[in-house]
2 protein chains.
Amino acid sequence: MAKALREPKDTSAQAIARLREAGLRPTRQRVELAGVLFQSGDRHVTAESLHDEVAQTGVKVSLATVYNTLHQFTEAGLLRQVIVDAARSYFDTNTGDHQHFFVEKEGLLIDIPGESIAVAGVPAPPAGLSVDRVDVVVRVRRN
Amino acid sequence: MAKALREPKDTSAQAIARLREAGLRPTRQRVELAGVLFQSGDRHVTAESLHDEVAQTGVKVSLATVYNTLHQFTEAGLLRQVIVDAARSYFDTNTGDHQHFFVEKEGLLIDIPGESIAVAGVPAPPAGLSVDRVDVVVRVRRN
DNA sequence: CTCACAGTTTAGAATGGTTCTAATTCGTTG
DNA sequence: CAACGAATTAGAACCATTCTAAACTGTGAG
């Protein structure tokens, strides 16, 4: 009776709680997606990769819903959108302060902890503008 | 006979020279696009904005050619592609070391000189990967 | 100067990720 | 459990970008 295995019920319960806190109605699809996204540690997904992944668990969620959900989760602060590729959008379950390595050829994102990296010397933005956030993308390639 | 005005002939000559140096055949379209792009100082364009701009000078260049040319110029090192927006690609005539402010709502890019900004603490990339370049995007919004 | 050919341009079709639409289904509250 | 607003969905629509195949144009040879 120590820490329970990650049974479906358990995972769902956590997902439902998370959704409720975020003010999102816990529908079957959202619970399922939240389960996949937040079960393991930090993850980076695209709409399509998530759609495929969920499909493989046997649950049916339309691509439109995946897109809707990804955006809702982002608005709710559960996800963060990462723009590194002109071709597709990535979503990151790590919403804290951090940056990324990006392997373009493979579409692979790797977190860089926020504490380790520092950007100095950012000039004050032109009048009338204020800084929203600073994104650093370290583009890397296979040797 | 001091510095000449920027007459068409003059501009074209410069553009042609630039193209030749880059190993690109100076066609009417490329000369025209290079003229628009490199005449004034640093510029940020999208395929569509450049297409519109050139169209207004009365020259006819197809959108496909604008895309082709933008990519050829980029490969030739005359332009640099800037990825800040999931919706469209920007191209920057400033190919030197520098970063950007980005006003998402307006699709506006503003250069930050490379000397003023410094990124410290970038960890070594995982084995097998090497750093290609580090992009910093300071996302700003209108007050 | 002219020819011929590789390199370019082009209109329009095709692509691919994302968003929209309108109808159906589902959660929640009373 | 009824009923209403919210969510889901299939498929159409969108839009930036790329592709295709045909027409055109620099350029270097002769």
**Report entry** Gap between atoms CZ and P, on Phe73(B) and dT8(C) respectively (whole Å)
**Finding:** 11 Å
Report summary line: note: Gln81(A), atom CD; dG17(C), atom P; distance rounded to Å ~ 15 Å
Query raised in the report: How many Å lie between NE2 on His51(B) and C1' on dT9(C), as a whole number?
Result: 12 Å
Report task. Please state how far atom CG in Leu33(A) lies from atom C1' in dA7(D), giving the value in whole angstrom units. Result -> 13 Å
Report task. Using side-chain contact (heavy atoms from CB on, under 4.5 Å) as the criterion, list what pairs up with Ala22(A), not counting sequence neighbours. Result -> Leu24(A), Ala76(A), Leu78(A)
Query raised in the report: Same cluster for Val136(A) and Phe102(A) if Ile/Leu/Val/Met/Phe/Trp/Tyr side chains link at under 4.5 Å?
Result: no
Query raised in the report: Of all residues at least two apart in sequence or in a different chain, which pass the side-chain contact (heavy atoms from CB on, under 4.5 Å) check with Ala87(B)?
Result: Asp85(B)
Report summary line: Lys60(A) atom NZ is separated from dT25(C) atom P, nearest whole Å, by 11 Å
**Report entry** Integer-rounded Å distance: dA6(D) P and Gln72(A) CD
**Finding:** 13 Å
Requested in this report: Using the ring of Phe38(B) (Phe, Tyr or Trp, six-membered ring only), decide whether Arg18(B) places NZ or CZ under 6.0 Å from its centre and within 45 degrees of its axis.
Outcome: yes
Report task. Let me have a per-nucleotide readout for nucleotides 24-30 of chain D, 5' to 3', with B, S or -, counting only protein heavy atoms under 4.0 Å. Result -> -BBS---
Requested in this report: Mind calculating the distance between CZ (Phe91(A)) and P (dG17(C)) to the nearest angstrom?
Outcome: 14 Å
Query raised in the report: Going by an N to O cut-off under 4.0 Å, is there a salt bridge joining Arg80(A) and Asp92(A)?
Result: no
Report summary line: Reading nucleotides 15-20 of chain D from 5' to 3' and marking B where a protein heavy atom lies under 4.0 Å of the base, S where only the sugar-phosphate is that close, and - otherwise, the string is -SBBB-
Query - His44(A) and Asn94(A): side chain donor to acceptor below 3.5 Å - result: no
Report summary line: Rounded to whole Å, the CZ-C1' distance (Arg30(A) to dT8(D)) equals 10 Å
Indicate every side-chain donor-acceptor pair of residues 53-61 of chain A with a distance under 3.5 Å to a residue at least two apart or in another chain.
residue  : atom : partner  : partner atom : Å
Glu53(A) : OE1  : Arg43(A) : NH1          : 3.3
Glu53(A) : OE1  : Arg43(A) : NH2          : 3.0
Glu53(A) : OE2  : Arg43(A) : NH1          : 2.8
Thr57(A) : OG1  : Val54(A) : O            : 2.7

Report summary line: Contacts of Phe101(B) meeting ring-ring contact (aromatic ring centres under 6.0 Å, His included) (sequence neighbours excluded), chain-then-number -> none
Query raised in the report: Would a hydrophobic clustering, with Ile, Leu, Val, Met, Phe, Trp and Tyr connected at side-chain separations under 4.5 Å, put Leu19(A) with Val66(A)?
Result: yes
Query raised in the report: Under 4.0 Å between a side-chain N/O of Ser62(A) and OP1 or OP2 of dT9(D), yes or no?
Result: yes
